[in-house]
Each structure stands twice: as structure tokens, then as C-alpha cells.
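One structure is given below, encoded as C-alpha cells.
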Amino acid sequence: MGSIQALRGTRDILPEETSSWQRVESVARSILGRAAYQEIRTPIFEQTDLFERGIGEATDVVGKEMYSFKDRGDRSLTLRPEGTAGVVRAFIEHGLYAQGGVQRLWYTGPMFRYERPQAGRQRQFHQLGVEVLGSVDPRADAEAIAIAADILRALGLKDLHLALNSIGNTDDRQAYRQALIDYLTPHQAELDADSRDRLSRNPLRILDSKDVGTQAVLQQAPNILEYLSPASQTRFEQVKKLLDTLGVTYQIDARLVRGLDYYTHTVFEIQSDNLGAQATVCAGGRYDGLVTELGGPATAAVGWAIGLERLILLLQQLQPSMVTKVDFYLVSRGEAAEAQALVLAQKLRQAEFSVELDLSGSAFGKQFKRADRSGAVACLILGDAEAETQTVQLKWLKTGDQTAIAQAELLSDPDTLRQQIIRSLNAS
RNA sequence: GCGAGCGUAGCCAAGUGGUUAAGGCAGAGGAUUGUGGUUCCUCCAUUCGGCGGUUCGAGUCCGCUCGUUCGCCCCA
């Protein structure tokens with residue numbers, strides 16, 4: 001192709017798809033609003049440092065997936081690869097902690113990671129996420145998880161499962177990490193190359209390797225849940241009990257570790273079997289250390305993010321998106337009539353009807369064909385004869401009934417007109 | 001970064017060495033110069049992602065390249 005195309009890993013969301021996106025946003029917005037979450041909008045790029053410190057230098061996201069560049073002032077900037085770091089930065093920068101209590105925030109927008117695109121994964125993708133800052137209470141974890149489940153359910157999604165785990169506090173994880181290294185080191189030869197590599201760098205990540213040999217070795221590996229301190233254990237028990245009480249079903253997955261360094265205690269993923277290799281639609285957890293890590297006061301926090309492309313993939317498996325249809329399709333021909341039609345269209349719109357004005361100037365026959373295809377409820381016809389008398393033909397496309405009516409009269413009683421439209425829509 | 005598959009019109013496609021690149025949808029015009037969803041007619045790719053090679057001859061074979069899809073890594 002000689003012409004310019006969208007960059008690898010990016011794509012256009014065309015009109016036939018935008019209604020799905022709008023539906024997701026409006027469902028999420030209303031559920032979050034009822035739970036007292038407030039929207040926050042942060043910049044799409046930040047100082048590179050923020051992500052390096054927040055997400056962790058050893059993670060793949062920071063190590064090889066960031067879109068980083070120098071600006072004209074020689075500052076290193078990065079297109080945000082996830083939403084939490086920016087929200088926490090704003091939380092600290094604006095002293096939101098000073099307002100006391102708990103901050104419940106949500107956001108949505110594009111994220112960027114330099115990866116090879118595949119099913120459910122792009123370089124520019126969109127997330128909708130929440131961050132609950134300022135509570136250690138296990139109820140905060142349970143509430144956040146329940147709300148995520150609510151949003152997915154309200155959208156009609158089924159066959160999702162919630163995988164849950166606790167990775168404890170920093171000390172717990174340190175102890176477990178050592179135990180895992182001790183166990184795996186003698187088995188090094190049986191591990192796949194990637195896992196062998198991670199043994200020194202990031203041993204926890206070996207747990208979710210897809211390699212069968214590695215998985216076999218892991219069968220006998222120590223379980224992280226047995227390395228939790230009594231306090232961490234109690235905390236995890238509380239979260240589980242609260243989810244039970246809420247009727248949220250989950251499976252414990254002791255192999256579930258997340259890829260970003262900031263997680264502590266509760267971690268979870270909501271997965272689908274219908275997404276190919278990238279099964280996770282929503283993921284999150286607790287991150288009690290991140291706010292201090294980024295220079296703020298000690299603040300406990302939980303959050304999650306939904307991958308919107310993946311969500312919409314699932315939605316479209318349920319039902320193809322539908323095109324919005326218009327009340328009136330306005331057909332006109334002849335100079336005077338075309339001018340009157342433009343005015344009539346505007347007046348109808350001001351009266352809150354939806355109107356599509358045919359601009360083609362082609363023969364009436366062609367315009368009718370388009371009226372039909374547009375799915376409009378009724379067609380308005382304005383030709384020389386109507387222009388002369390300031391009237392318009394009103395034709396109900398379902399029945400073919402047609403009457404002449406003065407333009408002024410059409411606009412004089414919008415309520416009756418609206419009822420007629422509804423009646424026509426309901427008639428099969 | 002690695003592996004595999006695939007690139008023919010706006011979309012779905014047939015074609016697997018001989019040249020006039022099927023067909024369908026969508027689109028444009030007409031039969032019907034002011035009445036749709038049916039029908040009928042006409043038009044709609046000097047060219048097969050790009051470049052180079054093999055051959056008398058390439059959409060078809062080979063090489064490279066770009067794009068895309070799926071998988072690995074990793075993640076939402």
C-alpha cells in the first residue's frame with residue numbers, strides 16, 4: 001500500500017463499533033457513580049522515572065515495553081503503560097490524602113506498550129480502572145472486586161472466572177522467594193530457558209510459565225500461601241469471607257503472581273475462556289507500598305483495570321453492535337424545496353427529533369432507496385409542489401401510508417408526532 | 001526479540017505457470033424525468049502488498065521487504 005496506514009498495534013474504532021464502547025463507558029460510569037467513585041483524568045505521558053520507580057525496573061513492562069522518548073528540553077518522557085502510577089502521582093501532587101478518608105477514583109483512556117500485537121493485545125490499548133486510596137480494610141478489597149464483577153455482569157458477560165491469591169507483605173514475599181529459589185535451583189536443568197533466566201532476576205514469575213516441563217517441576221514447589229505471616233493470612237481469610245458473603249465466586253490460585261512490582265497481599269484476575277491466549281479481562285490487587293515509594297505519605301490502596309479491547313471482543317461475541325436509526329429521512333428535490341428541507345431538518349432537530357437530510361440531489365427513486373436502507377421510521381418528502389404550498393409529504397416507511405401536512409403543522413404538535421413514531425416502531 | 005500462517009477491488013472471495021483476473025455484497029447510472037424494500041440491464045482491479053529474480057510467459061515458482069493474523073515472552 002502506498003498510502004499511510006495506522007501504525008502497527010494501533011487501530012481505528014469505526015462508527016459501527018463506537019456504540020459498544022459508549023455502552024461500556026456508560027454502564028461503568030453509572031455503577032461507579034453509585035459506589036461514590038469519582039473520575040480522574042491524568043496526562044497520557046509522564047516523566048519516565050515515575051514508571052521506573054512505580055512499576056519496577058526489573059519488570060518487562062519497564063524493561064522492554066515502554067514508549068519512551070526525549071522531548072525538546074531533553075527530558076525523558078514515557079507514554080503511560082498503565083494507569084495506576086499516574087493516578088498515584090496526582091494523588092500525591094495535589095495532596096488528595098489531606099482530604100482525609102478514602103479516595104475512590106476511576107479513570108479510562110489509552111495506554112501504550114511496545115509489544116508484538118496478537119489477539120486481545122495492541123500497542124495502544126484502553127483501560128478502565130479504579131484506585132481506592134487510604135484504606136487497609138479488607139472490605140475495600142472485596143468492594144473493589146465486587147464492583148468489577150458487577151460491571152462485567154451488567155454488560156451481560158458470562159463464563160468469567162475470578163482467580164484470587166495473596167502474595168503477602170514484602171517480608172512474606174522475601175521469605176517465599178528464597179524458598180522458591182532453594183527449591184528450583186537443583187531443578188534448573190528441567191526448566192525452560194526463560195524460567196532459568198528468571199531464577200535470579202524475578203523467580204516469582206516462573207510460577208505462571210506456560211512451559212509444560214516447568215509446570216511439572218512446579219508441582220512440588222512450595223506454596224506462597226504457606227509463607228504468609230499470621231497477619232497476612234488473617235487478612236486473606238477476611239477478604240475471602242467477605243467475597244463469600246457478597247456471593248462473589250472465586251478460585252484460589254496460589255500460582256497467580258502479577259507482573260508489576262507494586263502489588264502486596266490481594267491479587268486477582270478475572271478471566272474468560274473466549275479470548276485466546278490473553279484470557280485476562282480485568283486484573284488488579286492491593287498496593288500498600290506504592291504511595292510511599294513515589295514520595296507520598298504511607299497510604300494503603302487497592303485497584304484494578306479492565307482491558308477494554310478484550311471486553312469489547314467478548315461483548316461482540318454476544319451480540320453484534322447495532323446501528324442507531326433515525327426518526328426521519330428527509331428527501332428533497334429542486335432548489336426551493338432543498339432549501340426548505342434544510343430548514344425543516346433543523347427545526348425538527350431543535351424539537352429533539354433525529355433527522356437525516358439526503359444531500360445527494362439525485363432522483364427521488366434513489367433517495368427513497370436510501371431512506372429505506374437508513375432504517376428511518378418515516379420519510380419526509382419535499383419537492384416543487386410541496387415547496388410551493390409550504391407542505392411536506394409524511395410517509396411511514398413500514399406501512400407505506402402517506403399524508404400531506406403543512407410544515408408548520410408538523411412542528412406544532414411534537415408530542416403527537418413522537419407518539420406516532422413510537423407506535424410505528426412498536427408495530428411489527 | 002523468537003516461531004508459524006496469510007496478503008487478489010470498499011468488503012467476502014475463485015484462480016496453483018499461458019493473459020479476456022470468475023462470482024457475490026456494497027456503490028454509480030438506467031428501465032421507472034416525483035415514490036423504497038422485488039426484478040432486469042449497464043458500469044465499477046491495464047492488475048494481484050512492494051521490490052528484485054527464474055521463465056518465451058508469473059497472481060501462480062524463488063529471494064528479500066512491508067503489512068497482517070495467531071502463538072511464545074509478557075500483560076489489560
Side-chain angles (χ1 to χ4, degrees), chain A residues 1-9 11 14 16 55 58-66 80-84 108-129 148 152 192-195 197-198 202 205-206 208-211 214 257-260 268-272 275-285 303-314 329 331-334 337 358 360 362-376 378-387 393-402:
Chain A
M1 292 266 167
S3 52
I4 296 175
Q5 292 174 280
L7 256 17
R8 158 172 288 172
R11 61 185 213 102
L14 298 173
E16 61 173 348
I55 299 169
T59 62
D60 280 33
V61 170
V62 170
K64 57 181 205 191
E65 295 173 5
M66 293 210 299
R80 62 181 183 196
E82 56 99 56
T84 303
T108 186
M111 308 292 163
F112 305 84
R113 289 183 201 172
Y114 192 87
E115 297 183 277
R116 220 41 196 282
Q118 72 186 66
R121 178 198 293 154
Q122 296 169 222
R123 289 184 172 180
Q124 175 175 339
F125 61 104
H126 297 78
Q127 288 186 339
L128 187 151
L152 299 173
D192 61 285
D194 285 317
S195 295
D197 205 50
R198 277 181 299 208
N202 203 345
R205 297 229 47 85
I206 298 173
D208 52 20
S209 166
K210 286 177 188 166
D211 183 82
T214 302
V257 288
R258 316 261 25 267
L260 313 183
F268 73 95
E269 289 189 3
I270 299 175
Q271 301 155 340
S272 164
L275 280 173
Q278 265 62 46
T280 304
V281 199
C282 174
W304 50 252
I306 289 175
L308 292 178
E309 277 79 4
R310 292 179 189 180
L311 177 57
I312 278 162
L313 238 40
L314 291 174
Y329 192 95
V331 147
S332 61
R333 214 167 170 171
D358 191 307
S360 68
S362 51
F364 271 118
K366 292 292 167 193
Q367 296 196 48
F368 274 104
K369 200 165 266 185
R370 270 184 231 109
D372 187 55
R373 292 215 175 144
S374 78
C379 183
L380 290 167
I381 305 134
L382 230 163
D384 295 334
E386 290 78 19
Q393 300 285 336
L394 171 58
K395 177 170 183 172
W396 300 96
L397 287 169
K398 208 165 274 172
T399 59
D401 295 345
Q402 180 173 327

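Convention: sequence-line order gives letters A, B, ...; per-chain numbering from 1.
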Could you measure between the two [atom1] atoms, the one in [N] and the one in [M], and give it in whole Å?
N: C56(B); M: U19(B); atom1: C1'; value: 14 Å
N: A13(B); M: G59(B); atom1: C1'; value: 14 Å
N: C43(B); M: A22(B); atom1: P; value: 12 Å
N: U8(B); M: G49(B); atom1: P; value: 6 Å
N: U54(B); M: U60(B); atom1: P; value: 15 Å

### Under-4.0 Å side-chain N/O to phosphate OP1/OP2 contact, Q118(A) with C72(B)
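True: Q118(A) side-chain N/O within range (under 4.0 Å) of C72(B) OP1/OP2.
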### Message
C72(B), OP1 or OP2 - any side-chain N/O from K210(A) closer than 4.0 Å?
### Response
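For K210(A), the contact criterion (side-chain N or O under 4.0 Å from OP1 or OP2 of C72(B)) is met.
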### Task
Give a yes/no verdict on base stacking between U35(B) and F364(A): centres under 5.5 Å, planes within less than 30° of parallel.
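No, the aromatic ring of F364(A) does not stack with the base.
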Just checking [X]: base, sugar-phosphate only, or nothing, at a heavy-atom cut-off of under 4.0 Å?
X: A283(A); result: sugar-phosphate
X: G120(A); result: base
X: C282(A); result: sugar-phosphate
X: L308(A); result: nothing
X: E386(A); result: base
X: E269(A); result: nothing
X: R370(A); result: sugar-phosphate

### Task
Could you check G365(A) against A119(A) and say which one's nearest nucleotide on RNA chain B is further toward the 5' end?
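The residue mapped nearer the 5' terminus is G365(A).
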### Message
Would K395(A) and F368(A) count as a cation-pi pair here, with the cationic atom under 6.0 angstrom from the ring centre and within 45° of the axis?
### Response
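Yes, a cation-pi geometry holds between K395(A) and F368(A).
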### Query
On the ring face of F112(A), is R80(A) found with NZ or CZ under 6.0 Å from the centre and within 45° of the axis?
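That pair does not qualify as a cation-pi contact.
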### Donor-acceptor pair (no angle test) under 3.5 Å: K366(A) side chain, G36(B) base
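Under the 3.5 Å cut-off, the side chain and the base do not form any donor-acceptor pair.
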### Query
Less than 3.5 Å between a donor and an acceptor, one on the side chain of R8(A) and one on the base of C66(B), is that the case here?
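In this structure, the two groups form no donor-acceptor pair.
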Which whole-number value in Å describes the distance from [X] [atom1] to [N] [atom2]?
X: Q278(A); N: G71(B); atom1: CD; atom2: P; answer: 6 Å
X: D60(A); N: G1(B); atom1: CG; atom2: P; answer: 14 Å
X: E115(A); N: U68(B); atom1: CD; atom2: C1'; answer: 17 Å
X: Q122(A); N: C70(B); atom1: CD; atom2: P; answer: 10 Å
X: L14(A); N: C11(B); atom1: CG; atom2: C1'; answer: 13 Å
X: D197(A); N: C2(B); atom1: CG; atom2: P; answer: 17 Å
X: R116(A); N: G1(B); atom1: CZ; atom2: C1'; answer: 8 Å

#### Entry: Intra- and interstrand pairs of RNA chain B - dot-bracket, Watson-Crick/G-U under 3.5 Å, | marks other strand
((((((((.[[[..)..(....]]].(((((.......))))).....[[[[[..)....]]]]])))))))....
### Message
For E269(A) and Q271(A), which I'm curious about, is there any donor-acceptor pair between the side chains at under 3.5 Å?
### Response
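Result is yes, a qualifying pair exists.
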Quick one: does any side-chain atom of [X] pair with a main-chain N or O of [Y] as donor and acceptor, under 3.5 Å?
X: R333(A); Y: G383(A); answer: no
X: E386(A); Y: Q393(A); answer: no
X: E309(A); Y: H126(A); answer: yes

From the list [options], which nucleotide is the closest neighbour of the side chain of [X]?
X: I381(A); options: U35(B), C75(B), G71(B); result: U35(B)
X: D194(A); options: C73(B), G34(B), G36(B); result: C73(B)
X: Q393(A); options: A76(B), C75(B), G34(B); result: G34(B)

Nucleotide N/O of nucleotides 37-45 of chain B paired with protein N/O under 3.5 Å:
| from | atom 1 | to | atom 2 | distance (Å) |
| --- | --- | --- | --- | --- |
| G37(B) | O4' | D372(A) | OD2 | 2.8 |

